[in-house]
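Below is one structure, written out as structure tokens, with a few remarks after it.
Predicted model, so just to flag it, every value in this text is computed and none were measured.
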Amino acid sequence: MNSNQHPAARDQLGTRAVVLLAVASAIVTANAYYIHPIIGRVAESFGVSAGLIGAVPAFNQIALALGVLLLLPLGDRMTNRTLVALCLSAQVLALLAMATVQRYALFVAASTLLGFFTITPYLLPAYASKRVDGTRLGFVTALLTTGVVFGVQFSRLGSGVIAEQLGWRAVYWIAAALMACAVVALPLLMGPEAPLHRDRREPYAKLLLSLIRLPGRFPDVMVSGLIQGLSFAIFLAMWMGIGLHLTGPRLQLGTDIVGYLAAASAIGLMTTPRLGRWADGLGAEGARIRMAVAQFTAVASLALASYDWRLLIVPVVATAVSGPLIDITGRMTLLNRAPEIRTRLMSLYITLMFLGGGFGSWSGTLAYDALGWWGTVGLCLSLSSIACLLALHQHRRAVNAAAHPV
């Protein structure tokens with residue numbers, strides 16, 4: 001057996017098992033995105049401004065980055081099943097708090113706690129990568145990413161419709177119930193795992209310190225994380241702007257309209273697995289530069305919404321196709337590394353992604369608060385330009401490396 005192959009890889013995960021893991025990822029992922037359609041209503045409920053309400057998604061994303069940085073490395077020390085069960089249980093408590101608290105500061109605190117323990121969707125790719133053949137890595141990663149994409153779509157559509165009919169707090173009551181089901185089902189789905197031999201367990205402090213050395217050893221993975229951080233910032237800034245723009249005093253549309261608009265991006269559920277196979281053949285860097293350019297074009301079309309909000313369908317659909325594949329290609333640059341460091345590389349990648357998400361969440365609400373819809377457009381175009389330049393740089397490096405192998 002290859003010395004780099006994890007022993008558990010002999011227990012190959014079939015497509016059905018990967019799909020079920022993707023469904024679990026969707027339920028967990030959804031928690032961070034319920035706020036998108038209802039952000040204006042939540043701000044009104046607590047009596048805070050459009051700029052200040054951005055603290056809710058921003059702190060959630062920053063806490064998620066810290067959770068990934070501090071908790072995800074434990075996947076190299078303890079069984080993934082145990083770590084998942086602990087994190088899911090903490091999230092149930094956080095959602096119950098969000099459904100009941102009456103003070104804005106407590107709501108922000110509960111949302112922040114929720115984000116800190118939302119590591120399961122980012123633990124599962126490393127878990128699955130040790131149990132599938134390398135030739136299926138892009139396809140399996142795409143399926144798990146599709147679960148994350150579905151969670152985002154489900155959350156925004158469900159949140160918008162439920163809030164319009166039952167009030168925004170009902171959204172978090174239902175989310176808590178779904179997570180309670182996940183607490184029971186996901187550990188059963190993952191099944192028992194053999195714990196690492198005591199001699200192979202690294203001290204937790206050593207695991208964290210090893211993260212400091214990894215960026216120097218794998219700079220291309222760090223750039224991948226930065227590109228994904230920018231892409232995620234674009235996505236969140238765009239949806240913060242959409243939520244505030246459509247439900248604001250000018251248009252006065254319902255939260256369900258925001259949800260229905262978000263449902264259009266479900267096209268990503270159909271395109272992501274196919275594009276994952278396409279990326280397997282083309283290569284991560286080549287596929288990523290093409291999707292970064294497609295994302296820039298989509299962001300530019302946000303300007304059309306200043307004439308008619310229904311034209312938002314163009315950038316919503318286009319970013320739903322390009323955004324997930326930028327993430328997939330970024331993960332492909334790290335999930336083909338030695339199994340014993342994949343979880344820590346994923347920690348760094350996801351940390352950069354959600355730091356970008358935190359920046360995009362708050363800067364998105366601040367840009368809209370200051371300049372209206374054109375503030376949203378300008379911010380997203382700036383971020384997309386930087387992502388394209390970085391993706392082009394990495395593509396050129398990959399082409400040169402292939403032409404001049406060491």
Work out which heavy atom in [X] is nearest to a heavy atom in [Y]; give both atom names and the distance.
| X | Y | answer |
| --- | --- | --- |
| Pro315 | Ala298 | CB-O, 3.3 Å |
| Gly54 | Thr365 | CA-OG1, 3.4 Å |
| Cys388 | Ala292 | SG-O, 3.2 Å |
| Tyr34 | Ala175 | CE1-CB, 3.5 Å |
| Thr376 | Gly364 | OG1-O, 4.5 Å |
| Ala55 | Val108 | O-CG1, 4.4 Å |

Heavy-atom donor-acceptor pair, [X] side chain to [Y] backbone, under 3.5 Å:
| X | Y | result |
| --- | --- | --- |
| Arg169 | Val101 | yes |
| Ser363 | Phe359 | yes |
| Ser25 | Pro121 | no |
| Gln165 | Ala163 | no |
| Gln61 | Ala58 | no |
| Arg397 | His393 | no |

Residue pair Tyr33 / Asn60, side-chain donor-acceptor N/O under 3.5 Å: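 Checked: Tyr33/Asn60 side chains show no N/O donor-acceptor pair below 3.5 Å.
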Flag the pair [X] / [Y] as yes when at least one side-chain heavy-atom distance between them is below 4.5 Å, and no otherwise.
| X | Y | result |
| --- | --- | --- |
| Leu379 | Met238 | no |
| Val299 | Phe296 | no |
| Trp239 | Val316 | yes |
| Leu261 | Ile257 | no |
| Ile212 | Leu209 | yes |
| Phe154 | Thr29 | no |
| Leu52 | Phe46 | no |
| Ile242 | Trp373 | yes |

Using 0.5 Å steps for rounding, measure from the [atom1] atom of [X] to the [atom2] atom of [Y].
| X | Y | atom1 | atom2 | value |
| --- | --- | --- | --- | --- |
| Leu390 | Ser231 | CG | OG | 12.0 Å |
| Tyr349 | Leu345 | OH | CG | 12.0 Å |
| Ile326 | Gln228 | CD1 | CD | 7.0 Å |
| Asn31 | Met179 | CG | CE | 5.0 Å |
| Ile39 | Thr255 | CD1 | OG1 | 13.0 Å |
| Phe117 | Thr112 | CZ | OG1 | 12.0 Å |

Near-ring test Trp362/Phe59, centroid separation under 6.0 angstrom: yes
Without placing hydrogens or testing angles, list every side-chain donor-acceptor pair under 3.5 Å for residues 87-98, not counting sequence neighbours.
| residue | atom | partner | partner atom | Å |
| --- | --- | --- | --- | --- |
| Ser89 | OG | Ala85 | O | 2.9 |
| Gln91 | NE2 | Thr118 | OG1 | 2.8 |

Parallel, tilted or perpendicular: ring planes of Tyr172 versus Phe107, cut at 30 and 60 degrees: perpendicular
Thr247 vs Leu253, side-chain contact (heavy atoms from CB on, under 4.5 Å): CA-CA, chis, key distance, verdict: CA-CA 5 Å; Thr247 63; Leu253 299 173; 5.5 Å; no
From CA spacing to verdict: side-chain contact (heavy atoms from CB on, under 4.5 Å), Tyr368, Met240: CA-CA 8 Å; Tyr368 185 86; Met240 292 299 103; over 6 Å; no
Intermediate values then yes/no, side-chain contact (heavy atoms from CB on, under 4.5 Å), Met332 and Ser224: CA-CA 9 Å; Met332 288 172 67; Ser224 291; over 6 Å; no
Verdict with supporting geometry, Thr329 and Met291, side-chain contact (heavy atoms from CB on, under 4.5 Å): CA-CA 10 Å; Thr329 52; Met291 288 297 102; over 6 Å; no
